[in-house]
Number of protein chains: 2
Amino acid sequence: MGYLRIGELSKRTETNNETLRFYETKGLIDAPRRSEAGYRLYTADAVERVNFIVRAKRMGFSLKEVTELLSLQVEESDSTCGEVKQLAETKLADIELKIIELEKMRDALQKITAACCGGEESAVHCTILNALAAH
Amino acid sequence: MGYLRIGELSKRTETNNETLRFYETKGLIDAPRRSEAGYRLYTADAVERVNFIVRAKRMGFSLKEVTELLSLQVEESDSTCGEVKQLAETKLADIELKIIELEKMRDALQKITAACCGGEESAVHCTILNALAAH
DNA sequence: CTTTACCCTCTTGTTAACTTTAGGGTTTAC
DNA sequence: GTAAACCCTAAAGTTAACAAGAGGGTAAAG
């Protein structure tokens with residue numbers, strides 16, 4: 001009880017069974033324990049992990065990068081702490097850059113929607129490139 | 001004068017000649033005028049356009065989605081204004097969601113880098129998933 | 001005036017990230 | 001107890017997004 005079979009996990013993560021097995025072969029999710037018949041039995045935190053993968057992918061991270069993100073952990077051992085911190089900071093910079101660029105796009109799109117069908121100035125000629133150009 | 005050949009354009013956009021020709025076949029950039037010998041001659045705004053494509057791709061938009069973003073323009077005709085606004089708003093929602101999720105990741109990463117090698121609490125066991133779970 | 005760096009088209013190859021197919025066993029609902 | 005729904009592996013197929021190669025013109029520097 002409390003275990004999820006693969007179909008249940010895929011339903012809760014907007015994935016499908018094949019993708020989950022694929023992620024397992026790629027090392028993105030741990031091989032779970034199996035039932036007597038060989039069925040995969042996942043615990044609840046698999047849902048978190050898979051959802052993280054799905055979200056990170058939507059952000060434009062490759063599976064290789066997602067693997068790196070997931071590998072980030074500060075252990076008690078503390079021996080690899082320097083590398084971890086280094087990697088985390090690199091990824092942090094990546095993410096901050098993405099946020100900034102997305103904010104620019106958002107502003108440009110807001111200009112477009114504001115200029116469009118907004119009343120008097122509705123007949124303006126405007127593209128996302130123009131909106132971005134106009135800072 | 002004032003025209004760029006393909007090599008010049010690729011240098012200014014972190015792309016390469018093959019990619020630019022590929023984007024042309026896919027309709028992401030307009031077929032430019034040609035020299036007598038058949039060389040592509042780009043104008044300066046090609047640089048803007050290609051850079052936009054590059055940035056949007058880094059954000060996790062597919063070429064198909066980039067095409068949609070680039071097609072967003074409010075024309076004087078005003079006939080398609082409703083659709084344009086609709087599409088722009090959909091993309092805007094996409095982008096805003098991405099920003100929010102990236103901000104969550106950023107916060108989680110900041111927690112990791114703060115906890116790591118930060119002095120007294122350096123021996124804490126911490127992963128990005130934990131950091132995300134802890135709100 | 002020729003060598004070196006560019007450019008062209010067309011075809012084929014590559015990589016990532018799945019998806020589908022084939023050929024089976026297992027669980028569960030009637 | 002038998003269908004329908006679910007699960008397994010292994011291998012082949014697919015799609016997006018390029019990259020590379022073949023074979024051949026063009027531009028510009030010495």
Side-chain angles (χ1 to χ4, degrees), chain A residues 1-43 46-47 49-71 91 94 98, chain B residues 1-43 46-47 49-71 94:
Chain A
M1 233 236 88
Y3 286 109
L4 301 168
R5 294 200 314 203
I6 196 166
E8 201 54 40
L9 179 58
S10 64
K11 243 174 246 165
R12 296 192 191 184
T13 54
E14 294 188 76
T15 58
N16 60 53
N17 300 4
E18 290 71 39
T19 299
L20 290 175
R21 284 190 283 253
F22 173 72
Y23 284 170
E24 186 181 318
T25 69
K26 291 287 166 179
L28 280 121
I29 49 184
D30 292 334
R33 57 167 298 217
R34 300 292 186 108
S35 73
E36 277 189 16
Y39 287 18
R40 286 171 177 80
L41 298 176
Y42 296 97
T43 56
V47 180
R49 193 175 178 91
V50 175
N51 274 328
F52 178 82
I53 296 168
V54 170
R55 272 184 273 122
K57 271 185 46 56
R58 268 208 303 269
M59 302 302 99
F61 291 102
S62 68
L63 291 188
K64 201 179 158 203
E65 289 173 315
V66 176
T67 306
E68 283 179 4
L69 282 170
L70 285 167
S71 76
K91 289 293 166 197
D94 287 0
K98 284 192 184 197
Chain B
M1 234 235 90
Y3 285 109
L4 301 167
R5 295 200 314 204
I6 197 166
E8 202 53 41
L9 180 58
S10 63
K11 243 174 249 165
R12 297 191 190 185
T13 54
E14 293 188 78
T15 59
N16 60 53
N17 300 4
E18 291 69 41
T19 300
L20 290 174
R21 285 190 283 253
F22 174 72
Y23 285 171
E24 186 181 318
T25 68
K26 291 287 167 180
L28 280 122
I29 49 183
D30 291 335
R33 58 166 298 217
R34 299 293 185 107
S35 73
E36 278 189 15
Y39 287 17
R40 286 171 177 78
L41 299 174
Y42 296 97
T43 56
V47 180
R49 194 175 178 93
V50 175
N51 274 329
F52 178 83
I53 296 169
V54 171
R55 272 184 273 122
K57 269 184 47 56
R58 267 208 303 271
M59 301 303 99
F61 290 102
S62 68
L63 291 188
K64 201 180 158 201
E65 289 173 314
V66 176
T67 306
E68 284 180 2
L69 282 170
L70 283 168
S71 76
D94 287 0

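Here is how names work: the chains are called A, B, and so on, in the same order as the sequence lines, proteins then strands, and each is numbered from 1.
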Shortest side-chain distance from [X], nucleotide among [options]:
| X | options | result |
| --- | --- | --- |
| B:Ser62 | C:dC18, C:dC8, D:dA17 | D:dA17 |
| B:Arg40 | C:dC7, C:dT28, C:dT9 | C:dT9 |
| B:Arg21 | D:dT9, C:dC8, D:dC7 | C:dC8 |
| B:Glu18 | D:dA17, D:dA19, C:dA17 | D:dA19 |

Exercise. Considering all heavy atoms of both residues, which atom of A:Ala31 and which atom of A:Glu24 are nearest to each other, and what is their separation?
Worked result: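 The answer is CB-OE2, 3.6 Å.
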Problem set entry | Distance-minimising heavy-atom pair for A:Leu28 and A:Leu63 |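 Taking every non-hydrogen atom into account, CD2-O, 3.9 Å.
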Problem set entry | Of B:Lys11 and B:Arg34, the one whose closest DNA chain C nucleotide lies more 5' |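 Looking at the nearest nucleotide for each, B:Lys11 comes out on the 5' side.
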For this session: Nearest-nucleotide wise, let me know which of B:Lys26 and B:Arg5 is further upstream toward the 5' end of DNA chain D.
Result: B:Lys26
Exercise. Of B:Phe61 and B:Ala37, whose closest DNA chain D nucleotide lies nearer the 5' terminus?
Worked result: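 The residue closer to the strand's 5' end, by nearest nucleotide, is B:Phe61.
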Exercise. Is the CD atom of A:Glu18 crowded by more than 12 outside heavy atoms at less than 6.0 Å?
Worked result: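 For A:Glu18, atom CD is crowded (more than 12 foreign heavy atoms under 6.0 Å).
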Check the distance between [N]'s [atom2] and [X]'s [atom1] and give it to me in whole angstrom.
| X | N | atom1 | atom2 | value |
| --- | --- | --- | --- | --- |
| A:Leu20 | D:dC7 | CG | C1' | 13 Å |
| A:Ile53 | C:dA17 | CD1 | C1' | 13 Å |
| B:Glu24 | D:dA19 | CD | C1' | 17 Å |
| B:Ile6 | C:dC6 | CD1 | P | 13 Å |
| B:Lys64 | D:dA17 | NZ | P | 10 Å |
| A:Glu14 | C:dA17 | CD | P | 19 Å |
| A:Leu28 | C:dA17 | CG | P | 9 Å |
| A:Leu41 | C:dT27 | CG | P | 10 Å |

Using only side-chain N and O atoms of [X], determine if any of them is under 4.0 Å from OP1 or OP2 of [N].
| X | N | value |
| --- | --- | --- |
| A:Ser35 | C:dT26 | no |
| B:Asn16 | D:dC18 | no |
| A:Lys57 | C:dC18 | yes |
| A:Asn17 | D:dC7 | yes |

Exercise. Ignoring hydrogens and angles, does a donor from either the side chain of B:Tyr39 or the base of C:dC6 sit under 3.5 Å from an acceptor on the other?
Worked result: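 Side chain to base: pair present.
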Exercise. How about A:Leu4 and A:Arg12: do any of their side-chain heavy atoms sit closer than 4.5 Å?
Worked result: yes
Exercise. Quick one: does B:Glu8's side chain have a donor or acceptor within less than 3.5 Å of a partner on B:Arg5's backbone?
Worked result: no
